[in-house]
Number of protein chains: 2
Amino acid sequence: MPAEDPTTATLRRFNRTYTQRIGALDESFLGTGRPLGISRVLYEIGPQGAAVRDLRDRLGLDAGYLSRVLARLEEDGLVAVRPDPADRRRRLAVPTEAGRAAWQDLEARSERLARRLVAPLTARQRDRLTQALATADLLVRAATVHLREVPPTDPAARAAADRYIAELDRRFPRGFALDGPDTEGTFVVATSDGEPVALGGLRDAPEAGPDVGELKRMWVHPEWRGAGLGSRMLRHLEAMAATRGHRRLLLDTNGTLTEAIAMYDRAGYRRIDRYNDNPYAELFFSKDLDV
Amino acid sequence: MPAEDPTTATLRRFNRTYTQRIGALDESFLGTGRPLGISRVLYEIGPQGAAVRDLRDRLGLDAGYLSRVLARLEEDGLVAVRPDPADRRRRLAVPTEAGRAAWQDLEARSERLARRLVAPLTARQRDRLTQALATADLLVRAATVHLREVPPTDPAARAAADRYIAELDRRFPRGFALDGPDTEGTFVVATSDGEPVALGGLRDAPEAGPDVGELKRMWVHPEWRGAGLGSRMLRHLEAMAATRGHRRLLLDTNGTLTEAIAMYDRAGYRRIDRYNDNPYAELFFSKDLDV
DNA sequence: GGCATTCTCTGACCTTAGTCAACGATCTGT
DNA sequence: ACAGATCGTTGACTAAGGTCAGAGAATGCC
């Protein structure tokens with residue numbers, strides 16, 4: 001084993017503290033007269049309801065087991081399970097009035113326990129704790145984001161591209177619009193709990209040379225900025241480009257996107273002259289990939 | 001329910017992230033061919049061994065259940081349980097050679113999982129995560145510290161007082177020594193996992209007035225400083241003094257203890273003239289309690 | 001239109017984790 | 001030396017949580 005890593009040591013120490021002290025937050029689900037597993041499923045269904053499929057994914061449960069838990073919740077009159085009209089193999093679990101009340105109760109218990117935990121802290125320390133946990137939350141979530149390569153038609157890629165376009169439209173003085181959805185190149189979507197949180201596209205740019213690629217649609221969900229998702233996406237795209245035989249990457253961007261520009265600078269991209277007639281682009285970058 | 005509290009909201013959000021992602025650290029104990037509970041006990045016993053009593057406290061297990069788990073570990077040749085020579089009611093669990101190897105394996109699994117979790121982060125982000133988790137760890141531990149009032153003879157109070165004395169002896173240019181152990185007044189010991197982490201003493205000071213008390217032996221474990229334990233101790237002592245009928249508190253301290261002095265200032269203590277002949281004291285404070 | 005796949009449910013089965021009370025051995029204070 | 005407390009073990013019992021294979025209904029894909 002290599003020399004002790006301070007990050008894993010801290011993480012593991014925190015894990016111990018956590019399971020001993022905050023872990024009790026789960027136990028707030030006890031004492032409701034229902035077993036923990038049942039409460040967890042009820043809580044996960046939430047006041048709006050959820051698809052059985054999603055519950056299974058989110059909670060990591062066996063299909064048979066979950067089915068039984070749902071039957072029990074239905075029997076207790078807390079949840080109604082009915083087929084999804086859009087795909088009648090699927091089923092949706094929707095809380096009844098009583099179910100929503102039980103959910104509220106779980107919510108209140110959890111909140112109470114959290115309060116009791118932080119009660120001994122002064123306001124200043126509470127702020128520090130909030131800060132620290134929010135940072136840790138963002139980084140841990142960012143670290144467990146899932147990157148996958150998809151065609152331009154992928155629904156997650158489309159959804160992310162739409163958000164990208166909407167954001168540029170908001171930020172650019174004269175708005176932003178595209179002719180139609182992307183059809184060219186390959187996209188990389190980063191998802192967390194199924195939600196797209198970052199996007200990046202790579203296309204061949206034969207007009208600029210035989211082994212040149214171009215990056216497009218680089219976008220990170222606003223709530224996820226500052227966690228290094230952008231540079232991770234960039235590294236992933238560069239590795240992808242290298243395996244596709246590209247030796248140089250181009251990209252263009254707008255002067256208002258200062259965070260992105262700083263990231264490109266940090267990642268070793270150099271500013272070059274205009275190489276296309278994109279009316280929204282003001283800055284142009286290039287990077288040589290050392291294959 | 002009052003307006004949403006950002007601390008509990010962050011804590012609860014983090015709790016979700018945590019159970020879904022880091023929580024898997026526990027699951028690293030699975031896949032060893034042993035059930036989770038057994039592995040947890042084995043891990044807690046550690047390479048040095050542990051008293052059965054302590055295991056029960058640390059893991060919060062039922063005596064009967066733990067007894068059976070230990071029997072199973074003994075049967076598997078991983079642990080030897082033998083009576084504690086010092087008190088033959090107690091028993092000690094000591095790992096065998098195979099047990100130490102199994103413990104190493106658990107350790108390695110946990111480390112591997114922690115590494116995999118932080119692997120996607122850059123060095124900079126890893127530093128930020130380490131920082132954030134260390135802060136959160138300290139604050140959460142500080143929040144769950146247990147304060148209790150004890151007589152001067154209490155072993156935890158004695159242990160903390162000894163550390164206090166040793167530290168002053170190290171920090172004062174001409175050292176520090178006492179005639180004998182404290183016998184007067186009431187102590188408040190803060191413990192975490194059974195370890196004393198902070199100390200404070202309160203005595204009547206009739207020589208200074210009928211309703212005057214004096215604080216003594218204020219000490220916070222060096223690793224626990226900056227988490228507000230000192231001011232929490234102070235508040236506890238003040239409340240205690242108020243119920244004892246004191247309306248004014250005195251304390252003395254040495255100029256080298258700058259953190260403590262800053263804390264007294266913050267807590268509303270005012271500097272006064274020397275009120276005793278303590279040769280180690282250079283600064284003197286007083287605070288009126290509003291009862 | 002037919003075949004493979006997806007989604008959920010059901011039955012059969014099992015381990016794990018835990019509780020509770022009774023009991024014997026041992027220690028502590030007086 | 002003895003009453004009372006502490007420590008751990010044992011027997012009897014239970015709920016919780018989970019696995020696995022098979023089946024039926026619905027859908028997607030060519």
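Note that the structure is predicted; figures quoted are calculated from it, not measured. Throughout, protein chains are lettered first and strands after them, A, B, ... in sequence-line order, and every chain is numbered starting at 1. Below, all heavy atoms of this structure are taken into account, side chains as well, without hydrogens, waters or symmetry copies.
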Can you pull out every ring-ring contact (aromatic ring centres under 6.0 Å, His included) where at least one residue sits in residues 47-91 of chain B? Sequence neighbours excluded, please. none
Before accepting this row, confirm whether a basic side-chain N of the pair A:Arg72/A:Asp76 lies closer than 4.0 Å to the acidic partner's carboxylate O. yes
Rounded distance (Å) that lies between atom C1' of D:dT27 and atom CG of A:Asp84: 12 Å
Interatomic distance where CG belongs to A:Leu61 and P belongs to D:dA16 [whole Å]: 16 Å
Measure from CG on A:Leu73 to P on D:dG17 and round the result to the nearest Å. 12 Å
Contact list (N/O, under 3.5 angstrom) for nucleotides 21-24 of chain D vs protein:
none

Between OH of A:Tyr65 and P of C:dT8 the distance, given in whole Å, is 17 Å
Work out how much the helix from C:dG1-D:dC30 to C:dT30-D:dA1 bends between its end axes, five pairs an end, to the nearest 10 degrees. 40°
Treat primed atoms plus P, OP1 and OP2 as sugar-phosphate and everything else as base, then score nucleotides 2-7 of chain C 5' to 3': B for base contact with protein heavy atoms under 4.0 Å, S for sugar-phosphate contact only, - for none. ---BBS
Specify the separation, in whole Å, of atom CG of A:Leu66 and atom P of D:dG18. 11 Å
Whole-Å gap separating P (D:dG28) and CZ (A:Arg88): 11 Å
Charged N to carboxylate O under 4.0 angstrom, B:Glu44 versus B:Arg40? no
Without decimals, in angstroms, what is the distance between B:Glu75 CD and D:dT9 P? 14 Å
Can you see which heavy atom on B:Pro196 is nearest to which on B:His221, and at what distance? O-CD2, 4.1 Å
Could you give me the CA-CA distance, side-chain angles and deciding distance for A:Leu78 and A:Ile45, then say whether side-chain contact (heavy atoms from CB on, under 4.5 Å) is met? CA-CA 11 Å; A:Leu78 298 172; A:Ile45 290 172; over 6 Å; no
Over all atoms of both residues, closest heavy-atom pair of B:Ala80 and B:Thr96: N-CG2, 4.2 Å
Using the closest heavy atom to pick a nucleotide of DNA chain D for each, name whichever of A:Gly37 or B:Asp54 lands nearer the 5' end. B:Asp54
Between CG of A:Asp105 and OH of A:Tyr43, what distance do you get to the nearest 0.5 Å? 11.5 Å
Under a 4.0 Å N-O cut-off, is there an ion pair linking B:Arg158 with B:Asp162? no
Taken in chain and number order and not counting sequence neighbours, the residues that satisfy salt bridge (Lys or Arg N to Asp or Glu O under 4.0 Å) with B:Asp84 are none
Could you check whether the side chain of B:Arg68 and the base of D:dG11 have a donor-acceptor pair of N or O atoms closer than 3.5 Å, going by distance alone? yes
To the nearest angstrom, the CZ-C1' distance between B:Arg34 and C:dA17 comes to 17 Å
Output the distance between atom CG (A:Leu178) and atom CZ (A:Arg217), rounded to the nearest 0.5 Å. 4.5 Å
Run the salt bridge (Lys or Arg N to Asp or Glu O under 4.0 Å) test against A:Arg148 and tell me which residues pass, sequence neighbours left out. A:Asp154
